[in-house]
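So you know, we letter chains A, B, ... as the sequences are listed, proteins then strands, and number each from 1. Keep in mind the model is a prediction, meaning the values are calculated, not measured.
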2 protein chains.
Amino acid sequence: MRDLPLRDVYKLLEPGPVVLLTTARRGRHNVMTMSWHMMVDFMPPLIACVVSNGDFSFAALRATKECVIAIPDVSLAERVVEIGNCSGSDTDKFARFGLTPRRGEKVDAPLVGECFANLECRVVDTRFVNKYNIFVLEAVKAWRRARPDDPKTIHHRGFGTFAVDGEIIHLPSGKP
Amino acid sequence: MRDLPLRDVYKLLEPGPVVLLTTARRGRHNVMTMSWHMMVDFMPPLIACVVSNGDFSFAALRATKECVIAIPDVSLAERVVEIGNCSGSDTDKFARFGLTPRRGEKVDAPLVGECFANLECRVVDTRFVNKYNIFVLEAVKAWRRARPDDPKTIHHRGFGTFAVDGEIIHLPSGKP
């Protein structure tokens, strides 16, 4: 995996793909599926996301204040759905779904080797956790695989229905 | 436009489309382009979004605590970009871009007649505005046009590049 400049992180999350979120706590890693996230600032890249207090990852995220956001392309869609339909409380999801945990540089949460992009993140604000389960993250290191050249991401419409990226259009715009 | 059940609002925003956000203040309406938003809860539908304090809409949103999130399909892509590249401070954007403001039911901000869905929203939390420009909204009334049947939304990758919805896939999932 190659470095991805932090200033380009928003280009991957702003389109709203389904992502995976990994955590590590007491030597045990976990991965969950997440669709409720948004960019908050370009640089440093700030990201808000909702991790429900009903999710097994919630306690690890709150305690360690670290995670990785891994972005899968459509080839992983089946596994992404299955990851979202079981719990780390009784499942080693990396093993069960054949995902490769890889060591990052800044956080202990694992990268997902099969994902085309991985964002190492630290939790920088927890003031909205109690009321809304909203965590504010800062991406502190980002990785991008060379292949595929133009990964197609998936966008969840509820109950396992997804729109896959189709045509790419370019319109004149001065706005990032 | 028909009623859209509030419980279905997340299905439209969770996929991460570029949206329009309208406001009205002192008899003057405005519309801006927005990509930084996420769902926070299903019911009542809570939505977080970032409206920069550099945007002309910021003051109206903060003062009136009302807005409409209108979702355009790809046929409006050129106008969506142009709306994002000018300011309501010196432009009547509804007039300039041939958009039809329509009266909603719960808020004074106008619906956008050309958009396939419109969500009337109230600001319910401003505690993250000063630090992050994050507003928490509640959708209080939602509208959906019958046509098109399956609108294709657009997802911004930066500087006027968009992924348009392509193939729709359905995978077995018990999760909303």
Side-chain angles (χ1 to χ4, degrees), chain A residues 7-8 10-18 33-42 46-50 52 74 77-82 84-85 125 127-128 131-134 136 150 152-176, chain B residues 7-8 10-18 33-42 46-50 52 74 77-82 84-85 125 127-128 131-134 136 150 152-176:
Chain A
R7 67 178 172 276
D8 289 337
Y10 82 95
K11 297 177 183 175
L12 297 178
L13 291 184
E14 182 170 321
V18 177
T33 299
M34 181 171 81
S35 262
W36 291 6
H37 58 76
M38 69 174 177
M39 292 305 302
V40 173
D41 209 346
F42 292 104
L46 296 184
I47 301 151
C49 65
V50 176
S52 165
V74 63
E78 286 81 1
R79 282 190 271 183
V80 165
V81 170
E82 289 169 348
N85 277 272
D125 204 322
R127 284 178 296 161
F128 262 22
K131 183 157 188 188
Y132 297 112
N133 293 327
I134 294 176
V136 181
D150 182 25
K152 290 178 184 300
T153 58
I154 58 174
H155 303 261
H156 192 225
R157 296 182 173 188
F159 294 105
T161 294
F162 297 86
V164 184
D165 289 340
E167 185 187 7
I168 307 299
I169 60 176
H170 305 277
L171 296 167
S173 175
K175 289 293 182 77
Chain B
R7 65 178 173 276
D8 289 336
Y10 81 96
K11 297 178 183 176
L12 298 178
L13 291 183
E14 182 170 322
V18 178
T33 300
M34 181 171 79
S35 263
W36 291 7
H37 58 76
M38 67 175 178
M39 291 305 301
V40 173
D41 209 345
F42 293 104
L46 296 184
I47 301 151
C49 65
V50 176
S52 166
V74 63
E78 287 80 1
R79 283 190 270 184
V80 166
V81 169
E82 289 170 348
N85 277 272
D125 204 322
R127 284 178 295 160
F128 262 21
K131 183 157 188 188
Y132 296 113
N133 292 327
I134 294 176
V136 181
D150 183 25
K152 291 177 184 298
T153 59
I154 58 173
H155 303 262
H156 191 226
R157 297 181 173 188
F159 294 105
T161 294
F162 299 85
V164 184
D165 288 341
E167 186 187 6
I168 307 300
I169 59 177
H170 305 279
L171 296 167
S173 174
K175 289 293 183 78

Answer key: most heavy-atom pairs under 4.5 Å with chain A among Val50(B), Leu13(B), Asn85(B) is Asn85(B)

In terms of heavy-atom pairs under 4.5 Å, which option from Glu82(A), Lys175(A), His37(A) contacts chain B the most? Lys175(A)

To the nearest 0.5 Å, what is the distance between NE2 on His170(A) and CZ on Arg157(B)? 8.5 Å

Applying ring-ring contact (aromatic ring centres under 6.0 Å, His included), can you list everything that pairs with Phe42(A), at least two apart in sequence or on another chain? Tyr10(A), Trp36(B)

Taking atom CZ of Arg127(A) as the centre, report whether more than 12 heavy atoms of other residues, nucleotides or ligands fall under 6.0 Å from it. yes

Name the region of Leu46(B), side chain, backbone, both or neither, that has any atom closer than 4.5 Å to a heavy atom of chain A. side chain

Check whether Val18(B) gets within reach of chain A through its side chain, its backbone, both or neither, counting any heavy atom under 4.5 Å. neither

For Thr33(B) against Val80(B), the heavy-atom pair lying closest together: OG1-O, 2.7 Å

Would you mind checking which part of Lys131(B) comes under 4.5 Å of any heavy atom in chain A, side chain (CB onward), backbone (N, CA, C, O), both or neither? side chain

Of the backbone (N, CA, C, O) and the side chain (C-beta and beyond), which part of Val40(B) lies under 4.5 Å from a heavy atom of chain A, both, or neither? both

In short, His155(A) meets His155(B) closest at the heavy-atom pair ND1-ND1, 3.8 Å

Does the side chain of Leu171(A) come within less than 4.5 Å of Phe162(B)'s, by heavy atoms? yes

Side chain, backbone, both or neither of Ile134(B) within contact of chain A (heavy atoms, under 4.5 Å): side chain

Out of Gly166(B), Gly160(B), Pro172(B), Gly158(B), return the one with the most heavy atom pairs under 4.5 angstrom to chain A. Gly160(B)

d(Glu14(B) CD, Met39(B) CE) to nearest 0.5 Å is 8.0 Å

Per-residue contact mode, Pro176(B) against chain A (heavy atom under 4.5 angstrom): both

Identify which of Lys11(A), Lys152(A), His156(A), Glu78(A) forms the greatest number of heavy-atom pairs closer than 4.5 Å to chain B. His156(A)

